[in-house]
Amino acid sequence: MPKDYLLSQLKTINKRFRNLLTKYGEQPITSISIKRTPISSTAEGLLNAITLGKWKEIKKNYDKMYHLYAVLTLENGKRLLLEKNERPVLSESIPADTKETDTQGVSTLRQPIKLSDFIGKTIKRMTLQDYIAYEGYTLNCQHFIRAHLLANGLLNPALIAFVYQDTKDLIENTPSFSRWLGKAATDIAGAGRQLWEEIAYKRGGRAKRRIGL
């Protein structure tokens, strides 16, 4: 997908994402690493709150719940973070690995693919609305990473096993009100982050404040 056309479709995505896509969209991706790390104690606390104190019971069949993200290495040597929090994130800041970080390289990437194509194919497959929106059980970080691999023909059984955490039981056991509340909270956080970044860039600065969960 041509970069200019893709950018024209992404007016509702945050400013930082668009700016980095403008800057690096024509750069080929030469390698991809998928990383996962257990969700933070803060996130665990929030999940317990929005499930009305039932989170520990709901997740009893899961040793750990993971946050997933991708590190994209471009042909020019630049590394970019791609993940989904309350909104899609494209960033030049790569989190440091911890002793709990697991990494899986994408060996199925046998030839470079432009960053704009990698993202554009995913949006075409998911729809722009689902690409941007966050829902804790059906449009979360793992679905986001899986969609990029699937749309670009990179998914294989090893990556499916690494990326996909079956949350069917979680969905069935989570009170519907809590699911609604969690989605509302992330929608509000996403809108807040986007508004903050738009204001910061209009003032000629860089958005440093993180608004999220």
Side-chain angles (χ1 to χ4, degrees), residues 1 3 5-25 29 32 34-37 39-40 42-47 49-50 65-72 79-95 115-152 163 165 167 178-203 205-213:
M1 182 179 292
K3 183 186 71 174
Y5 176 76
L6 177 58
L7 286 167
S8 72
Q9 303 301 302
L10 291 176
K11 293 178 180 178
T12 54
I13 211 164
N14 64 73
K15 186 74 172 180
R16 182 177 299 176
F17 194 109
R18 297 198 310 269
N19 280 2
L20 288 177
L21 192 57
T22 299
K23 186 175 181 180
Y24 296 113
I29 300 168
I32 302 172
I34 308 301
K35 294 178 178 285
R36 67 184 186 190
T37 186
I39 63 174
S40 69
T42 301
E44 290 269 7
L46 177 61
L47 287 165
I50 67 174
M65 296 297 294
Y66 291 98
H67 176 66
L68 276 94
Y69 56 96
V71 176
L72 315 176
R79 297 168 72 234
L80 298 176
L81 167 72
L82 180 66
E83 65 177 342
K84 195 172 200 180
N85 293 322
E86 69 277 0
R87 289 292 187 269
V89 173
L90 188 63
S91 174
E92 295 176 290
S93 299
I94 311 295
L115 177 63
S116 59
D117 289 339
F118 183 72
I119 293 172
K121 288 178 181 180
T122 308
I123 290 174
K124 184 175 180 180
R125 182 178 185 89
M126 289 185 72
T127 75
L128 181 60
Q129 180 179 352
D130 283 352
Y131 190 86
I132 294 174
Y134 183 92
E135 203 281 329
Y137 298 98
T138 59
L139 293 172
N140 59 29
C141 59
Q142 71 176 23
H143 292 92
F144 186 71
I145 297 301
R146 180 179 180 273
H148 281 86
L149 298 174
L150 182 61
N152 288 277
V163 168
Q165 193 168 19
T167 55
S178 297
R179 290 186 63 196
W180 174 84
L181 182 60
K183 185 178 187 305
T186 52
D187 284 346
I188 292 168
R193 178 204 290 268
Q194 183 165 333
L195 177 60
W196 175 264
E197 291 190 359
E198 295 288 348
I199 292 171
Y201 277 103
K202 283 180 181 178
R203 290 177 177 174
R206 297 187 65 81
K208 294 182 180 180
R209 179 180 172 191
R210 180 178 177 83
I211 302 175
L213 302 178

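In this text the structure is predicted, and so the values were computed from the model without any measurement. Residue numbers count from 1 along this sequence.
The closest donor-acceptor contact from the side chain of Arg18 to the backbone of Ile13 lies under 3.5 Å. No donor-acceptor pair closer than 3.5 Å links the side chain of Lys84 to the backbone N or O of Leu68.
Distance check, rounded to the nearest 0.5 Å: NE2 of His148 to CD1 of Ile123 gives 7.0 Å. Interatomic distance, CG of Leu150 versus CD1 of Ile145, reported as 13.0 Å (0.5 Å rounding). Put simply, SG on Cys141 and CG on Leu82 are 11.5 Å apart, with the number rounded to the nearest 0.5 Å. Atom OH of Tyr69 and atom CG of Asn85 lie 11.5 Å apart (nearest 0.5 Å). Here CG of Asp130 is found 12.5 Å from OG1 of Thr122. Values are rounded to the nearest 0.5 Å.
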*Please test Ile132 against Phe17 for side-chain contact (heavy atoms from CB on, under 4.5 Å), starting from the C-alpha separation and ending with a verdict.*
CA-CA 11 Å; Ile132 294 174; Phe17 194 109; over 6 Å; no
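Classification of the Tyr131-Phe144 ring pair by plane angle, with boundaries at 30° and 60°, yields tilted.
Side-chain contact check for Leu72 versus Tyr24: every heavy-atom pair is 4.5 Å or farther apart. The shortest side-chain heavy-atom distance between Val89 and Arg16 does not fall under the 4.5 Å cut-off.
Among all heavy-atom pairs drawn from Asn152 and Phe118, the shortest one is ND2-O, 3.1 Å. The heavy-atom pair separating Lys121 from Ala151 by the smallest distance is O-CB, 3.6 Å. Nearest heavy atoms, Leu20 versus Leu90: CD1-O, 3.1 Å. Shortest non-hydrogen contact noted between Glu83 and Leu81 is OE2-CD2, 3.4 Å. In terms of heavy atoms, Ile34 sits closest to Ala70 at CD1-CB, 3.9 Å.
Evaluation of the salt bridge (Lys or Arg N to Asp or Glu O under 4.0 Å) rule for Arg36 yields Asp102 as partners, not counting sequence neighbours.
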